[in-house]
Each structure stands twice: as C-alpha cells, then as structure tokens.
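These values consider heavy atoms only, across backbone and side chains, with no hydrogens, waters or symmetry-generated copies. If you're wondering where the values come from, they're calculated on a predicted model, not measured in any experiment. Chain identifiers are assigned alphabetically (A, B, ...) following the order of the sequence lines, protein sequences preceding nucleic acid strands; residue numbering begins at 1 within each chain.
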Number of protein chains: 2
Amino acid sequence: MWCVARAGVTAERLALAAADLADEVGVENVTVAALARHFGVKDASLYFHIRSAHDLRVRIALLALAELADRVADALAGRAGKDALVAFANAYRDYATRHPGRYAAMQIDLDPETAAASAGVRHAEMTRAILRGYRLSEPDQTDAVRMMHSTFHGFVSLERTGGFRHTPRSTDESWARALDALDAVLSNWPRG
Amino acid sequence: MWCVARAGVTAERLALAAADLADEVGVENVTVAALARHFGVKDASLYFHIRSAHDLRVRIALLALAELADRVADALAGRAGKDALVAFANAYRDYATRHPGRYAAMQIDLDPETAAASAGVRHAEMTRAILRGYRLSEPDQTDAVRMMHSTFHGFVSLERTGGFRHTPRSTDESWARALDALDAVLSNWPRG
DNA sequence: TCGTTTGCCTAGGAGAGCTAGGCTACTACC
DNA sequence: GGTAGTAGCCTAGCTCTCCTAGGCAAACGA
C-alpha cells in the first residue's frame with residue numbers, strides 16, 4: 001500500500017465511521033477489519049485507538065446515546081403535556097428508523113460506570129421531565145417512566161425486526177394510537 | 001479419535017442443545033464449534049445436519065417460539081379479560097427471564113415464509129383472543145395488539161439489558177402496574 | 001537539532017465458518 | 001448372507017476475524 005500521508009485516524013472519526021457502517025450493514029457486522037479497510041489501513045493499526053471489537057461497539061452506543069439525547073432535547077424545547085410526549089416519542093422513533101445500526105448498538109448493556117457517564121442519564125431526566133405534565137408522584141412516576149420507555153422501545157424494536165409485518169395496517173397509524181393510549185393512561189394513572 | 005459409537009446427532013437434539021447453550025452464554029456466543037464440542041464431534045460434521053451458523057440460530061428461534069406458544073396457551077386456559085391479560089404477560093415474561101438466550105434468538109428476523117410457518121402465528125392468534133374480552137373492532141384491535149406486544153417486549157427487553165437498573169424500584173412492581181395500566185387503556189381505548 | 005511520542009506497519013497465532021472429499025458402519029434388498 | 005447404498009462421522013484446508021508483539025518513520029516539543 002502506497003501511503004503518502006497518514007490516514008489521520010482518531011477515536012472520534014473511528015466511532016463515527018463505525019456508527020455509519022452499523023447503519024449500513026448492522027452492528028453485528030461492524031468489524032475491526034472492515035473499518036480498517038474503510039480507512040485504508042491495516043486492522044492491527046486500529047488497536048492503537050480502540051481496545052477491542054467490543055470497545056468499538058460500546059463507542060457506537062455512546063455516540064448514539066448522545067446523538068439521540070440531543071435530538072430529543074431539541075424536539076422537547078418549549079413543549080409540555082401530550083405535546084411533549086409526542087415530540088419525544090417521534091424523535092425517538094425517527095432516530096431509530098434513520099439509524100438502525102446506531103439504535104441496535106444502544107441496546108448492548110454497558111457496565112454500570114460507563115452507563116452512568118453516558119448520555120443515558122439525560123434520557124432519564126428528559127423522560128421524567130415529560131411526566132411533570134401528568135402530575136405523578138413516586139413510585140408511580142418510576143412505573144410510568146418504565147412503561148413509556150417499554151412502549152417506545154418495544155414498538156420500534158418490533159417494527160424493525162418485522163414483528164408487525166403480517167398485518168397490513170399502517171405502523172404510523174398504530175404508533176399514533178399507541179401515543180394516544182399512553183397519554184390517556186398517564187393522564188389517569190390507575191391507583192394500586 | 002477412537003469413536004466407539006456414533007454420537008447420534010439429530011437436527012432436533014442439535015437445536016435443543018443450541019438453545020440450552022444460548023441460555024447459558026447468549027445467542028451471539030452459540031457457535032458451531034462449541035456445539036460440536038458439546039457432542040464430542042468435529043465442527044464440520046454438524047454441517048450434515050444444519051446449513052449454516054445462521055440456520056442454527058433460526059432453529060433456536062423456532063424452538064423458542066413453539067415453546068413459548070405452548071406455555072402461553074397453558075396459562076391462558078379458562079381465563080378471560082384482565083385475568084387472561086395478566087396470565088399471558090406473566091407467562092411471556094417468565095419465559096424470557098428463564099430462557100434469556102432463547103428469548104434473544106426469537107428476536108432475529110425470520111424470512112416471511114419461515115415466519116408464516118412458525119409458532120409466531122399462534123402468538124398472534126392468542127393475543128387477539130385476549131382482546132375479545134375488551135370488545136375492540138378493527139383497526140383498533142390491531143393497534144391494541146401492537147401496543148400490548150410492544151409493552152411486553154419492551155419491558156422484558158429493557159429489564160434484561162439493564163435499562164431499569166439505575167432506579168431502585170422493584171421491577172416486579174413496575175410490571176404489575178404496567179399491566180394495570182394496559183388493562184385500563186384497553187378497557188377504555190381512546191377513539192381517534 | 002534531537003529525543004519522544006504518535007501512527008502506522010509486518011508477522012503471526014488462535015479460533016470461527018464453511019467446503020471438499022474420504023472412510024466406516026448401519027440398513028435394505030436380492 | 002453378500003452386497004449396494006446411504007447416513008454419519010472424519011481430516012485437510014481455505015478464508016476471515018480478533019488480537020499481540022515488535023519495528024520503523026513521521027511529526028512534534030524542547
């Protein structure tokens with residue numbers, strides 16, 4: 001290989017390229033070798049920037065968490081109540097649809113300290129912020145946060161893996177109705 | 001190698017062993033080589049019974065779908081309304097908790113014809129059967145089925161990947177309240 | 001200008017997926 | 001009971017991935 005200048009690989013560019021690759025071919029196919037090829041570099045050289053193949057995927061996850069938190073924050077600005085709920089939900093689903101590989105990477109479980117330092121905590125804060133419009137106190141609030149997150153993640157996840165494929169009904173419609181239902185149940189949270 | 005008798009490998013025993021292995025070490029670590037070691041056989045020999053490593057995982061998925069459908073059917077027997085909803089949900093979550101590898105395998109997307117021939121269709125039928133107690137007509141019924149499935153899958157999935165770990169609140173409690181909420185919203189499904 | 005660090009390299013080993021081709025033991029049929 | 005066919009396993013060997021060790025040269029700070 002005739003290398004005139006250095007490839008200029010950095011951990012950030014690596015994570016970004018890996019994330020793009022994940023969106024194209026799926027996280028499971030994001031390989032150190034493929035990434036090295038993309039930069040016109042030998043695979044061994046990348047271990048100067050990353051610790052392992054798993055480390056690479058964790059970096060994709062952290063990148064994705066941060067990106068998603070930014071989008072959600074933008075979507076949420078100046079909104080409250082159901083408006084905020086819908087904005088959050090749509091930003092979430094949009095991101096997952098546009099960036100399937102990044103979204104899949106977000107699901108790998110980070111070790112506790114990495115998770116605590118990630119943008120995941122911003123997600124949690126914003127989710128709770130939405131619920132302020134519904135006036136729920138603990139522990140109902142935590143239960144509601146968990147249900148919300150479950151619905152979002154579950155829907156998006158099933159939509160992507162083809163779990164809804166067997167029924168002709170538009171998934172956009174179902175999504176809108178799920179948000180209506182979520183709003184309804186949050187507005188009138190059942191007492192134990 | 002001194003082979004006294006044949007190992008007696010069949011496709012069924014292979015799928016079962018693979019499923020057990022998946023529960024132990026995770027689907028992503030279910031390897032043809034590891035499975036061959038388990039049977040005291042060379043890896044190349046397994047290609048007589050399976051087409052590829054992917055085929056092996058598909059077999060785990062189909063096995064899991066069938067097993068889960070059986071459990072859900074048992075749990076559902078003689079129940080209706082919220083009783084049926086809770087029984088379904090608990091059978092689902094129980095299975096996922098006891099068999100994390102099998103559950104993860106269930107999420108790989110099957111090609112349409114394989115999916116159509118799988119026990120996945122029984123799941124869909126049973127889910128719709130539950131909703132009969134809530135008297136929903138199309139397309140509300142489809143939307144409700146999708147929301148139910150999303151909530152179940154989302155909750156179980158996040159619980160497993162540690163998405164709820166940062167809050168001390170018991171996940172069992174949150175689960176029970178999510179089912180209450182689901183029952184409430186199904187009983188009073190919001191009109192568009 | 002001269003280390004020192006940085007960024008890449010080659011070489012190579014372990015393990016996974018998979019194919020090709022061969023040997024053996026069981027089965028069925030005449 | 002001999003024999004043909006096939007089922008079930010083998011070895012050999014290819015490619016690919018992950019990762020380590022050790023080397024060399026460009027860029028940079030003093």
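When the nucleotides dT19(C), dC18(D), dG7(C) are ranked by their closest atom to the side chain of F48(A), dG7(C) comes out on top.
The aromatic ring centroids of W175(B) and F155(B) lie less than 6.0 Å from each other. In this structure, Y103(A) has its ring center under 6.0 Å from that of Y92(A).
Phosphate proximity of dT19(C) to R51(B): absent, as no side-chain N or O sits under 4.0 Å from OP1 or OP2. Listed pair H49(A) / dC8(C) meets the phosphate criterion, a side-chain N or O lying under 4.0 Å from OP1 or OP2. Contact check, S45(A) against dC9(C): a side-chain N or O comes under 4.0 Å of OP1 or OP2. At the phosphate of dC18(D), neither OP1 nor OP2 sits under 4.0 Å from any side-chain N or O atom of S52(A). Regarding contacts with the backbone of dG17(C), a side-chain N or O of T31(B) is found under 4.0 angstrom from either OP1 or OP2.
When only modelled atom types and interatomic distance are considered, Q141(B) and S137(B) share no side-chain donor-acceptor pair under 3.5 Å. S52(A) and D55(A) are not linked by any side-chain donor-acceptor pair at a separation below 3.5 angstrom, with hydrogens and angles left out of the test.
A straight line from NE2 of H54(A) to P of dC19(D) spans 10 Å, rounded to a whole angstrom. Residue D43(A) contributes atom CG, which lies 18 Å from atom P of dG7(C) at whole-angstrom precision. Straight-line distance from the CZ atom of R13(B) to the C1' atom of dC9(D): 14 Å, rounded to whole Å. Rounded to whole Å, atom P of dC18(D) lies 9 Å from atom CG of L56(A). Across the protein-nucleic acid pair, Y47(B) atom OH and dC14(D) atom C1' stand 13 Å apart, rounded to whole Å. Protein atom NZ of K42(A) is 7 Å distant from nucleotide atom P of dC9(C), rounded to whole Å. Note: CZ (R57(A)) to P (dC19(D)) measures 8 Å, nearest angstrom. Counting to the nearest Å, the C1' atom of dT20(D) and the CG atom of L46(A) are 14 Å from each other.
A44(A) comes within contact range of at least one nucleobase, with a heavy-atom separation under 4.0 Å.
Geometric assessment of R71(A) against the ring of Y95(A) yields a negative cation-pi assignment under the 6.0 Å and 45° thresholds.
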